[in-house]
Engineer: 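Got a structure here, written out as structure tokens. Questions coming.
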Amino acid sequence: MGQYSSTHCGGGPKHQHRSPLLNHHRSISDQSQLDFFSLVNSDEDEATIASFFQDYTYNLPDECLALIFQCLSSGDRKKCSLVCRRWLLIEGQSRHRLALNAKAEILPLIPTIFSRFDSVTKLALRCDRKSVSLNDEALTLISLRCSNLIRLKLRGCRDVTDVGMSAFAKNCKSLKKFSCGSCMFGAKGMNALLDYCSTLEELSVKRLRGINDGFAADPIGPGAAASSLKSICLKELYNGQCFAPLIIGSKNLKTLKLLRCLGDWDKLFGTIGSNRENHVVEIHLERLQVSDIGVTAISNCPKLEILHLVKTPECTDAGVVAVARKCKLLRKLHIDGWRTNRIGDEGLVAIAENSSNLKELVLIGLNPTSISLLAIASNCQKLERLALCGSDSIGDPEVSCIATKCMALKKLCIKGCEVTDEGIESFALGCPNLVKIKVKKCKHVTGDVACWLRARRQTLSVNLDVGEIDIEPVDGSASDGGALEEAVEFQHTATTLPIIGATDIPSTSNVGRSSASRSWFGLFGGRSLVPCTVRRWSNGNGDSSESL
């Protein structure tokens, strides 16, 4: 590489007399610059310029260079693609994830985009609510260019109809994960996806407008994906009952999440529970019309390990007791009682007596007493993560009991409870395996106890927020991923996809929502409440999506 001096001229006498050696180097530098610019301005190819500068990647195989690119962030990859034609080609061919601003204007650019990114297997198409989205023609063209897609995410693609979804499904039969939100296609498009994509494993549907026509929507069955489908997540659907044949017919279903969906779901759970060969391991129910009948039916799932009951006001102690007695493998339990006082000591004592494998327990809006907390602390010897939020009955005696009995506890969250400094001080010696404690909106806890506790347990992470007062209701609403928010920090591995054409895409969460939907979801899906639940609380088995 040509080198040159960058000596600054200050105009003083010492700069007027240069040594012959310095002048010699300067002349070489000037000549090098002239040679370089003559090369740039000439028609010489990149190989000639590369010979002028030493390219340390010149002899590096394309496969190795691609691996290096994969270690970079999306922004750095974009910058590297501008270095030379070789880097541009390799960067494009080695990119497997891609996110596009899915406006209608993308149609003529699709051949160019996917000629460069010809190895994409995971694609996200997002359109903001103020723009016209891509249509069936564009989606079909993308499916022809990306026949090896294994993941597709559609957000706000309102101009995609059943026709476009059917064409896509025919061309991308290797799809394993599909997610859509605020789209307008209906049951025919969804059935086509399930009929052609026989390897589909994960399905997530949120605000699918095409099935909201009262009870006229066609039933959605498992089709060819009956054996492969393992996870179903339905969010904010008016006519979610049309997915019942899909849920029932998925033979190897392991994860079921029903969040803020209208309708009575007891009958569906009765059908699932009556199937002795069901493989369901994880169930999330949030703001759902389900009673003890449905929860009791859930107890017939012998492999159930994870259960979230979030704001299901018709559930009582009877349903929780049934789950506790039959689901012996239960290791994660989240209950948000919504301050209805319908779940209390009776249900929690049953959990304590029957759930010896319990590792994670989140109680929100409940009022357990020392009776149930003592039973949990004494019997659940494997309990590692505990969150107690929005309870008027949890004070210093209850917290001290936890500190004394929960020997395996690693992470603890206390929020909006009647705890004082005295109760927090009990963790100076209690819970020998505790690595993190978080206290928020406990008005009787002062900042002094945090310093005091850190001084005595230097390895303990103490997160104490004494500046907030619990003036807003504690909310246990699950996030889009099904995990709970804010009470305890979770570790979360998120991959940011590169977006071509736009880097800031607004949410499409309110697209086409009627006034009736606003009023209903204001009750069952209200996001104006303060999120106060548990997210990214890492556990040792690497289950980041559901781990506390």
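Counting begins at 1 with the first residue of the sequence. These numbers come from the heavy atoms of this one structure, side chains and all, not from hydrogens, waters or symmetry mates.
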Engineer: Walk me through it: do Ile437 and Val439 pass the test side-chain contact (heavy atoms from CB on, under 4.5 Å)?
Structural biologist: CA-CA 7 Å; Ile437 180 172; Val439 182; 4.2 Å; yes
Engineer: Strictly by modelled atom types, are Lys382 and Asn357 linked by a side-chain donor-acceptor pair under 3.5 Å?
Structural biologist: yes
Engineer: Would you say His279 and Lys254 are linked by a side-chain donor-acceptor pair, where the criterion is simply a distance under 3.5 Å?
Structural biologist: no
Engineer: Please report the interatomic distance CG(Leu246) to CD1(Ile232), rounded to the nearest 0.5 Å.
Structural biologist: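 One finds 4.0 Å between CG of Leu246 and CD1 of Ile232.
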Engineer: Is it the case that Ser179 and Arg151 place a side-chain donor and acceptor less than 3.5 Å from each other?
Structural biologist: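 No.
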Engineer: To the nearest 0.5 Å, tell me how far His308 NE2 sits from Leu259 CG.
Structural biologist: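 Those atoms lie 10.5 Å apart.
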Engineer: Check for a donor-acceptor pair, side chain of Asn148 on one end and backbone N or O of Thr121 on the other, with a separation under 3.5 Å.
Structural biologist: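 No; judged by distance alone, with no hydrogens or angles, the pair does not exist.
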Engineer: Taking only Lys NZ, Arg NE, NH1 and NH2, and the carboxylate oxygens of Asp or Glu, determine whether Glu286 and Arg260 approach each other closer than 4.0 Å.
Structural biologist: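 A salt bridge is present here (some side-chain N lies under 4.0 Å from a carboxylate O).
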Engineer: Just so I know, are the side chains of Phe168 and Leu175 near enough to count as touching, which here means a heavy-atom distance under 4.5 Å?
Structural biologist: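 Phe168 vs Leu175: side chains touch.
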Engineer: Applying the side chain to side chain contact (heavy atoms under 4.5 Å, CB included) criterion to Met165, which one of Asp136, Leu193, Asn191 satisfies it?
Structural biologist: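 Per the side chain to side chain contact (heavy atoms under 4.5 Å, CB included) rule, the option paired with Met165 is Leu193, out of Asp136, Leu193, Asn191.
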Engineer: Counting N and O atoms only, with roles assigned by atom type, does the side chain of Asp162 sit under 3.5 Å from a partner on the main chain of Gly189, one being a donor and the other an acceptor?
Structural biologist: yes
Engineer: I need the minimum non-hydrogen distance between Thr312 and Arg287, along with the two atoms involved.
Structural biologist: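 So the two residues come closest at CG2-N, 4.5 Å.
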Engineer: List the steps, then state whether side-chain contact (heavy atoms from CB on, under 4.5 Å) holds for Leu434 with Leu412.
Structural biologist: CA-CA 8 Å; Leu434 195 66; Leu412 172 68; 4.2 Å; yes
Engineer: Apply the test side-chain contact (heavy atoms from CB on, under 4.5 Å) to residues Leu134 and Leu125: give CA-CA distance (whole Å), side-chain angles for both, the deciding distance (0.1 Å), then the verdict.
Structural biologist: CA-CA 9 Å; Leu134 53 72; Leu125 301 173; 4.0 Å; yes
Engineer: For the residue pair Ser147 and Asn171, confirm or rule out a side-chain donor-acceptor distance under 3.5 Å.
Structural biologist: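 No, Asn171 and Ser147 have no side-chain donor paired with an acceptor closer than 3.5 Å.
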Engineer: What heavy-atom pair brings Met190 and Val205 nearest, and what distance separates the two atoms?
Structural biologist: CE-CG2, 3.8 Å
Engineer: To the nearest 0.5 angstrom, please state how far the NZ atom of Lys122 sits from the CG atom of Leu152.
Structural biologist: 13.5 Å
Engineer: Write down the atom of Cys327, the atom of Ile298, and the distance for their closest heavy-atom approach.
Structural biologist: SG-O, 4.3 Å
Engineer: Starting at CG of Asn278, measure out to CG of Asn252 and round the result to the nearest 0.5 Å.
Structural biologist: 11.0 Å
Engineer: Between Ile220 and Ala187, which heavy-atom pair has the shortest distance, and what is it?
Structural biologist: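 For Ile220 versus Ala187, the nearest heavy atoms are CG1-CB, 4.0 Å.
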Engineer: With a 4.5 Å cut-off on side-chain heavy atoms, are Arg158 and Ser182 touching?
Structural biologist: no
Engineer: State which residue, out of Glu305, Glu384, Glu282, fulfils the salt bridge (charged side-chain N to carboxylate O under 4.0 Å, His left out) condition with Arg331.
Structural biologist: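 Result for salt bridge (charged side-chain N to carboxylate O under 4.0 Å, His left out) with Arg331: Glu305.
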Engineer: Is the side chain of Ser228 donor-acceptor paired with the backbone N or O of Glu201 at a distance under 3.5 Å, no angle test?
Structural biologist: no
Engineer: Do Leu149 and Val120 come close enough that some side-chain heavy atom pair is under 4.5 Å?
Structural biologist: yes
Engineer: Under 3.5 Å, is there a donor on one side chain and an acceptor on the other for Glu360 and His334?
Structural biologist: yes
Engineer: Testing the basics here: between Ile306 and Leu330, what is the closest heavy-atom pair and its distance to 0.1 Å?
Structural biologist: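 Residues Ile306 and Leu330, closest heavy atoms: N-CD1, 4.2 Å.
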Engineer: Hey, are the side chains of Arg116 and Ser81 touching, using non-hydrogen atoms and a 4.5 Å cut-off?
Structural biologist: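 A side-chain contact exists here, since the closest heavy-atom pair is under 4.5 Å.
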Engineer: Are there more than 12 heavy atoms of other residues, nucleotides or ligands under 6.0 Å from atom CZ of Phe114?
Structural biologist: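 More than 12 heavy atoms, drawn from other residues, nucleotides or ligands, come within 6.0 Å of this atom.
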Engineer: Find out whether Ile283 and Thr255 are in side-chain contact, i.e. whether some heavy atom of one side chain is under 4.5 Å from a heavy atom of the other.
Structural biologist: no
Engineer: Hey, does Leu358 have a side-chain heavy atom less than 4.5 Å from the side chain of Leu333?
Structural biologist: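 Result yes, sub-4.5 Å side-chain heavy-atom pair found.
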Engineer: With rounding to the nearest 0.5 Å, note down the distance linking SG in Cys172 to CG in Leu200.
Structural biologist: 12.0 Å
Engineer: Nearest 0.5 Å, what's the CG-NZ distance between Leu307 and Lys332?
Structural biologist: 13.0 Å
Engineer: Determine whether a donor-acceptor pair (N or O, by modelled atom type, separation under 3.5 Å) exists between the side chain of His284 and the backbone of Leu309.
Structural biologist: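 A pair under 3.5 Å: no.
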Engineer: Would you sort out whether Lys411 and Val435 count as a side-chain contact (heavy atoms from CB on, under 4.5 Å), showing the intermediate values?
Structural biologist: CA-CA 6 Å; Lys411 299 188 178 181; Val435 296; 4.1 Å; yes
Engineer: Mind listing the closest non-hydrogen atom pair of Phe185 and Leu154 along with its distance?
Structural biologist: CE2-CD1, 4.5 Å
Engineer: Can you name the salt bridge (Lys or Arg N to Asp or Glu O under 4.0 Å) partners of Lys176, sequence neighbours left out?
Structural biologist: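 Lys176 satisfies salt bridge (Lys or Arg N to Asp or Glu O under 4.0 Å) with no residue once adjacent residues are dropped.
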Engineer: Taking the side chain as every heavy atom from C-beta outward, state whether Ile211 and Tyr238 have any pair of such atoms under 4.5 Å apart.
Structural biologist: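 The answer is no; the side chains never approach within 4.5 Å.
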Engineer: Near Glu137 CD, under 6.0 Å, is it more than 12 heavy atoms from other residues, nucleotides or ligands?
Structural biologist: no
Engineer: Identify which one of Leu107, Ile110, Ile106 satisfies the side chain to side chain contact (heavy atoms under 4.5 Å, CB included) criterion when paired with Ile142.
Structural biologist: Ile110
Engineer: Counting C-beta onward and ignoring hydrogens, is there a side-chain heavy-atom pair between Leu229 and Leu203 closer than 4.5 Å?
Structural biologist: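 Of all side-chain heavy-atom pairs linking Leu203 with Leu229, at least one is under 4.5 Å.
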